[in-house]
Amino acid sequence: MTTPVSRRTSGPSASAQPDPTGTSPGTRTPRRRAGWIAMTFLATVTAVVAARYFTLDRALFLAQQRAVYAANLVPLLFHVGGGVLALATGPWQFVPGVRTRYPAVHRTVGRIYLLGALAAGTGGLLLVPKGLYWPVAPLGFAALATALLVTTGKAFTAIRRRAVAAHQRWMVRSYALIFAAVTFRLWLAAGSGAGLPFDLAYMSGAWLSWTINLLVAQRLVARLGSRRRTAR
């Protein structure tokens with residue numbers, strides 16, 4: 001998610017910058033590469049499944065919310081459409097080769113991600129009053145949407161200031177929050193497999209799906225900062 005960056009970020013010295021996962025382009029390990037592939041696969045599958053909402057087939061809506069979703073199609077599709085865009089484009093913002101060799105592509109994809117994240121967060125907030133299992137789950141999703149808007153806004157303002165390192169840190173946090181769409185579904189599936197009542201799985205997932213992701217993101221951000229200090 002970028003606007004035009006400084007010459008340093010598009011010149012030869014940019015290739016020496018570590019990526020947001022904490023490794024430099026030249027030292028990406030097979031484990032980190034496998035992690036990126038797994039993340040991208042899960043995000044893409046979730047985006048494809050969620051995009052089916054645009055068929056307006058009510059049978060595809062969450063059973064407990066079909067009537068609510070049908071009565072609030074505009075904010076629902078705003079939220080889903082933004083989430084689909086952000087989920088699908090986000091992983092490619094973290095590919096060092098794209099950032100350094102194709103900065104124009106990186107900026108274009110970043111702008112698409114920005115619009116998607118803003119739409120997902122705004123649509124999510126509009127749906128909060130109609131949320132299921134009030135107040136626990138709706139408040140959890142409201143906090144998620146607010147955090148998404150804040151972190152994405154921080155990433156945008158950082159790159160506008162040419163603060164590349166800060167931009168990368170906020171992008172990691174922003175995508176961790178977008179990835180809650182994946183984590184939430186995995187949590188519901190795990191809860192169902194463990195025999196957890198749906199309402200408990202839904203309410204707990206509304207909070208845990210994004211707080212866990214944010215903790216992981218913060219660990220990655222800390223590791224990135226540590227590697228930068230070591231490099232200096």
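None of the values given here were measured: they were computed from a predicted structure.
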Check: Tyr113/Ser174 side-chain N/O donor and acceptor closer than 3.5 Å:
yes

Going by heavy atoms in the side chains, are Thr152 and Leu177 under 4.5 Å from each other?
no

How many angstroms lie between atom CZ of Arg99 and atom CZ of Arg101, to the nearest 0.5 angstrom?
11.5 Å

Cation-pi geometry met for Arg33 and Trp36 (6.0 Å, 45°):
no

Taking atom CZ of Phe41 as the centre, report whether more than 12 heavy atoms of other residues, nucleotides or ligands fall under 6.0 Å from it.
no

Criterion side-chain contact (heavy atoms from CB on, under 4.5 Å) on Leu73 and Leu56, from CA distance to verdict:
CA-CA 9 Å; Leu73 284 177; Leu56 302 184; 4.1 Å; yes

For residues Val128 and Leu126: do they belong to one hydrophobic cluster (side chain heavy atoms under 4.5 Å, members Ile, Leu, Val, Met, Phe, Trp, Tyr)?
no

Would a distance-only check, ignoring hydrogens and angles, find a side-chain to backbone donor-acceptor pair under 3.5 Å from His106 to Val98?
no

Check whether Ser204 reaches the backbone of Ala201 with its side chain - one donor and one acceptor, N or O, closer than 3.5 Å.
yes

Given Gln218 and Arg223, is the side-chain contact (heavy atoms from CB on, under 4.5 Å) satisfied, shown in steps?
CA-CA 9 Å; Gln218 196 57 36; Arg223 186 178 300 173; over 6 Å; no

Decide if atom OH of Tyr102 counts as having more than 12 heavy atoms of other residues, nucleotides or ligands within a radius under 6.0 Å.
no

Main-chain N/O of Ala181 paired with Arg185 side-chain donor or acceptor, under 3.5 Å
yes

Check Ala120 against Gly83 and note the closest heavy-atom contact, atom names and distance.
CB-N, 3.6 Å

Ignoring hydrogens and geometry, is there a side-chain-to-backbone donor-acceptor pair from Ser192 to Ala189 under 3.5 Å?
no

Could you report the tightest heavy-atom contact between Pro129 and Leu125, atom names first, then the distance?
CD-O, 3.6 Å

ILVMFWY network linking Phe179 to Val109, side-chain heavy atoms under 4.5 angstrom
yes

Shortest non-hydrogen separation from Gly121 to Leu148 and the atoms involved
N-CD2, 3.9 Å

Ignoring hydrogens and geometry, is there a side-chain-to-backbone donor-acceptor pair from His167 to Ala158 under 3.5 Å?
no

Atom CG in Asn213, atom CZ in Arg173: separation rounded to 0.5 Å?
14.0 Å

Would the distance check show the side chain of Arg66 and the main-chain N or O of Arg58 forming a donor-acceptor pair, the cut-off being under 3.5 Å?
yes

Measure the spacing between CD of Gln168 and CD1 of Ile159 and express it to the nearest 0.5 Å.
8.0 Å

Ignoring hydrogens and angles, tell me if any N or O in the side chain of Asp57 forms a donor-acceptor pair with the backbone of Tyr53 under 3.5 Å.
no

Going by heavy atoms in the side chains, are Leu132 and Phe198 under 4.5 Å from each other?
yes

Answer whether the closest heavy-atom distance between the side chains of Leu127 and His79 falls below 4.5 Å.
yes

Close side-chain approach of Arg219 to Val216, heavy-atom, < 4.5 Å:
no

Examine Leu85 and Leu77 and state if one hydrophobic cluster contains both, with Ile, Leu, Val, Met, Phe, Trp and Tyr joined whenever side-chain heavy atoms are less than 4.5 Å apart.
no

Rounded distance [0.5 Å steps], OG1 in Thr44 versus CG in Leu87
8.5 Å

Quick one: CG on Leu186 to CG on Leu42, what's the gap to the nearest 0.5 Å?
6.0 Å

Would you name the heavy atoms of Ile178 and Ala86 that are closest together and state the gap between them?
CD1-CB, 3.6 Å

Decide yes or no on side-chain contact (heavy atoms from CB on, under 4.5 Å) for Thr211 and Leu214, but give the supporting numbers first.
CA-CA 5 Å; Thr211 53; Leu214 205 54; 5.6 Å; no

Heavy-atom side-chain proximity of Arg160 to Phe156 below 4.5 angstrom:
yes

Heavy-atom pair of closest approach, residues Ala217 and Ala176:
CB-CB, 3.6 Å

Assigning hydrophobic clusters by single linkage (Ile, Leu, Val, Met, Phe, Trp, Tyr; side-chain heavy-atom cutoff under 4.5 Å), is Trp170 placed with Leu144?
no

Examine Phe141 together with Phe184 and report whether their ring centres are nearer than 6.0 Å.
yes

Is there a side-chain contact between Phe94 and Met171, using heavy atoms and a 4.5 Å cut-off?
yes

Under the criterion side-chain contact (heavy atoms from CB on, under 4.5 Å), I'd like the reasoning laid out for Phe78 against Asn72: C-alpha separation, chi angles, the key distance, then a yes or no.
CA-CA 10 Å; Phe78 206 61; Asn72 296 272; over 6 Å; no

Can you find a pair of side-chain heavy atoms, one from Met39 and one from Tyr175, that are under 4.5 Å apart?
yes

Linked, directly or transitively: Phe54 and Leu60 (ILVMFWY side chains, under 4.5 Å)
no

Could you check Trp187, Trp134, Tyr133, Trp207 and say which one makes a ring pair (Phe, Tyr, Trp, His ring centres under 6.0 Å) with Tyr202?
Tyr133

Value rounded to 0.5 Å, distance of CZ in Arg107 from CG in Leu114
14.5 Å

Heavy-atom side-chain proximity of Leu149 to Leu118 below 4.5 angstrom
yes

